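Let me begin by presenting the structure, written as structure tokens, before commenting on it.
No experiment lies behind these values; they were computed from the predicted model shown. Each chain gets a letter, A, B and so on, in the order its sequence line appears, and its residues count up from 1.
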Amino acid sequence: MDGLIRDRAGVAAFLESVRGAPFLALDTETSGLDPHLEKLLLIQFGTAEKQALVDAQAVDADTVRSIFRDHLVVMHNATFDLKMLAATYGDALHLEEAQIADTQNAEKLLRNGRKTDHLLQGFALKVLAERYAGMELDKSIRQGFFGIQSVTDLSPAELLYAARDVEATWKVFARQLEELERDGLLKVLAIEGAASVAFADLELKGAPIDKEAWKKQLDEAKSGSAQARKALDKEFWTVADRDLFGGTTLNYESDEEILGALKKLGLTLESTRREVLVASGHPAALAVAEYREHQKIVSTYGDAFLAFIHKKTGRLHPRFNAIGATTGRVSCSEPNLQNIPSGSAFRACFRAPPGRKLITADYSGAELRILAEASGDPVFIDTFRRGGDLHAIVAERLFKKPVNKHENPELRARAKAINFGLVYGMGAQGLANQLGVRLDEAERLLEAYFRAFPKIRDYLGESARQALKRGMAETMAGRRFWLTDLRRDGRDEGTLTRIAKNMPIQGTNADITKLAMARMYQAFRRGGVDAFLVNTVHDELVVEAAESVAEEAKAIVIREMRSAGAEFVKRVPMDVDAQLGDTWTK
DNA sequence: ATCTGTGGCGCG
DNA sequence: AAAGCGCGCCACAGAT
């Protein structure tokens with residue numbers, strides 16, 4: 001016999017034999033990577049000593065659910081396995097009740113910012129198994145799994161390999177646990193684990209997109225680009241060669257060629273960045289900027305983007321990298337749904353299917369509220385508690401003039417620039433550039449700002465000083481970013497200081513948003529509410545819901561986002577703006 | 001033909 | 001073009 005478990009009794013007997021284990025490791029083998037097209041073949045789980053191999057097609061959801069019932073379940077790159085499990089067994093798995101930990105995320109948390117002190121680089125299980133358990137994993141065997149349609153086609157060698165992955169994952173996590181505890185990372189690991197289920201659901205369900213509406217928007221950008229290109233040909237007509245079709249032979253995508261052609265027109269620029277082009281005021285430079293604007297849309301959000309629409313679901317299923325940034329932020333790719341133009345109509349092309357709605361919810365001024373919490377500044381705290389306009393209040397204190405919707409809006413804009421710049425560790429020179437004022441004026445503004453808000457100055461200064469001293473910056477959930485290797489690589493102190501100031505703020509925002517995702521997922525499932533996440537953009541969550549429960553879903557979104565915020569930010573409310581509509585808004 | 005680094009620019 | 005943080009994608013340029 002092949003030793004495979006094919007029924008509920010077999011799984012129950014195995015679970016009984018590992019009842020006292022502190023956690024179980026789990027892995028799956030699939031016929032491929034796409035949960036909508038491929039099959040789950042095998043579920044392997046167990047401990048370092050013993051592993052069960054389960055024929056995934058032979059057991060039901062409730063049987064698989066029992067694996068998760070009494071144990072923390074550890075996976076390497078959990079989102080992938082959870083996605084395959086959810087696609088195979090559906091809601092009956094009740095993953096919202098599962099406790100998950102991920103060895104890959106654990107390693108990212110432990111190494112964040114550090115080049116590994118080992119010879120082996122990367123976060124693959126093979127690497128961790130060798131590093132933590134001295135195990136050699138032969139990943140070449142896995143090639144044989146692709147395209148296999150039944151678990152009975154797996155050879156004994158392949159089954160052995162599958163079991164060894166469980167053993168390795170278990171041993172790796174056992175060792176990681178000690179380090180995670182030592183570094184105070186267990187809390188953030190738990191947040192990541194809970195969020196991994198939400199990420200699996202998010203990737204599996206995907207985002208709904210109106211392809212025809214998108215194409216229409218794209219066509220506008222295409223014609224804008226073509227028109228701008230004609231204008232470019234005119235501008236550069238005298239200094240460029242002609243092609244056979246009445247245009248120039250200039251490659252407008254080449255910065256080098258653009259700079260050369262501008263020079264022939266008597267304009268010498270240091271860069272082709274938009275700000276530089278516009279500042280020159282030269283008509284040819286302005287034409288380049290105009291062309292770029294349209295062409296950016298055409299190239300980034302054009303055919304390559306639409307090619308990501310899934311042939312089976314008709315939706316976009318991007319990859320969310322839960323720990324994509326050193327700060328703990330999520331990143332997104334294939335396609336990136338975190339950089340869709342916000343002022344344009346493209347966001348409105350994300351449209352709920354018939355009978356459904358989209359909820360767009362974002363934290364209002366998240367980073368400044370986190371700064372209020374961390375610094376304890378009384379004006380910041382009072383303003384946020386009252387629901388006041390912080391930028392206006394800051395402007396009034398700074399400029400001693402009334403600032404509101406009707407009076408002195410330019411002063412509010414200045415205050416806003418300082419408020420946001422501070423979070424990034426901006427200095428006087430940066431502020432001068434931002435506001436277009438002289439350096440000495442920017443210096444005076446910053447001085448006045450810190451006189452008015454000494455606690456902000458003290459917090460930012462002390463936070464960065466401590467971080468540089470410890471060689472590590474930390475968020476409110478205990479997520480860490482080690483600065484030591486950056487310093488060794490020769491990053492200057494100014495840059496290190498800015499990173500040290502920003503990481504705890506940006507990273508705490510990430511902690512909160514991920515906790516909100518996890519709680520929201522659980523609340524929808526436990527409440528039997530037909531609603532799920534379709535996008536996450538740093539301080540914003542987009543949820544799709546059945547029309548009949550959309551208002552209820554919206555209330556849950558707001559409640560869970562606020563409560564997740566309150567977990568860390570206690571002195572001011574983490575207010576949420578939420579909108580219910582047919583499309584992604586703002 | 002494919003890889004890597006860079007400039008530029010979309011987002012928070 | 002930058003003494004303002006964090007991403008991913010496009011196109012080019014130079015390398016293999």
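- By the ring-ring contact (aromatic ring centres under 6.0 Å, His included) test, H317(A) pairs with H36(A), H310(A), sequence neighbours left out.
- Between F420(A) and Y424(A), the gap from one ring centroid to the other reaches at least 6.0 Å.
- Residues A284(A) and L265(A) come closest through the heavy atom pair CB-CD1, 3.7 Å.
- A distance-only check finds a donor-acceptor pair linking the side chain of S271(A) to the backbone of R273(A) [under 3.5 Å].
- Defined by atom type and a distance below 3.5 Å, a donor-acceptor pair is present between the side-chain atoms of Y449(A) and N419(A).
- Residues satisfying the side chain to side chain contact (heavy atoms under 4.5 Å, CB included) test with K216(A), not counting sequence neighbours, are none.
- Using a 4.5 Å cut-off on side-chain heavy atoms (C-beta onward), V394(A) and L390(A) make contact.
- Computed from coordinates, the R292(A) CZ to dA11(C) C1' distance equals 10 Å when rounded to whole Å.
- With hydrogens and angles left out, the side-chain atoms of N509(A) and H538(A) include no donor and acceptor closer than 3.5 Å.
- Side-chain atoms of T475(A) and D511(A) form a donor-acceptor pair, as typed in the model, at a separation below 3.5 Å.
- At whole-Å resolution of the value, CG in D303(A) and P in dC9(C) are 16 Å apart.
- In terms of the ring-ring contact (aromatic ring centres under 6.0 Å, His included) criterion, F80(A) has no residue partners (sequence neighbours excluded).
- Judged as a ring pair (Phe, Tyr, Trp, His ring centres under 6.0 Å), not a single pair has a partner in residues 478-515 of chain A (not counting sequence neighbours).
- When rounded to the nearest whole Å, the span between OH of Y424(A) and C1' of dA3(C) equals 16 Å.
- Rounded to whole Å, atom C1' of dG6(C) lies 14 Å from atom CD1 of I370(A).
- Listed in residue order, the members of residues 271-288 of chain A having a heavy atom less than 4.0 Å from DNA chain C are S271(A), R273(A), E275(A), V276(A).
- Legend: residues meeting side chain to side chain contact (heavy atoms under 4.5 Å, CB included) with T497(A), ordered by chain and number and at least two apart, are A464(A), L468(A), K501(A).
- The CG atom of N336(A) sits 17 Å away from the P atom of dG6(C) (whole-angstrom rounding).
- Heavy atoms of R319(A) sit nowhere under 4.0 angstrom from any nucleic acid atom.
- Partner of E567(A) under the salt bridge (Lys or Arg N to Asp or Glu O under 4.0 Å) criterion, out of R562(A), K514(A), R519(A): R519(A) alone.
- Side-chain N/O atoms of S331(A) include one lying less than 4.0 angstrom from OP1 or OP2 on dG8(C).
- Near DNA chain B, defined here as any heavy-atom distance below 4.0 Å, the residues from residues 489-512 of chain A are Q506(A), listed numerically.
- Separation of the P atoms belonging to dA2(C) and dT6(B) is 13 Å when rounded to the nearest angstrom.
- With no hydrogens or angles considered, a side-chain donor-acceptor pair links E540(A) and W584(A) at under 3.5 Å.
- Residues R292(A) and L277(A) meet the side-chain proximity criterion, which asks for heavy atoms closer than 4.5 Å.
- Contacts between residues 535-542 of chain A and DNA chain B, counted as heavy-atom distances below 4.0 Å, involve V537(A), H538(A), D539(A).
- What separates CD1 of I297(A) from P of dG8(C) is a distance of 19 Å, to the nearest Å.
- Among the duplex regions that DNA chain C forms, those built from at least three successive Watson-Crick or G-U pairs under 3.5 Å are B:1-12 with C:5-16, ordered by first number.
- Between the side chains of D492(A) and T495(A), at least one donor N or O lies within less than 3.5 Å of an accepting N or O.
- Within the 4.5 Å cutoff, the side chain of V542(A) has no heavy atoms near those of the T536(A) side chain.
- Of the listed residues (R479(A), K187(A), K108(A)), just one forms a side-chain hydrogen bond (donor to acceptor under 3.5 Å, both in side chains) with E192(A), and that residue is R479(A).
- G427(A) comes within 4.0 angstrom of sugar-phosphate atoms only, judged by non-hydrogen atoms across all strands, and of no base.
- Positionally, the nearest nucleotide of DNA chain C for G425(A) lies more toward the 5' end than for the other of K296(A) and G425(A).
- For the segment residues 253-262 of chain A, the set of residues with a heavy atom within less than 4.0 Å of an atom of DNA chain C comprises E253(A), S254(A), in numerical order.
- On the nucleic acid side, DNA chain B has its first and last nucleotide under 4.0 Å of a heavy atom of chain A at dG7(B) to dG12(B), going 5' to 3'.
- I340(A) comes within 4.0 angstrom of the backbone, heavy atoms only, and of no base.
- Rounding to whole angstrom units, CZ of residue F308(A) and P of dG8(C) are separated by 13 Å.
- Partners of F346(A) according to the ring-ring contact (aromatic ring centres under 6.0 Å, His included) rule, which considers only residues two or more places apart in sequence or in another chain, are W214(A).
- Across the protein-nucleic acid pair, F305(A) atom CZ and dA11(C) atom P stand 15 Å apart, rounded to whole Å.
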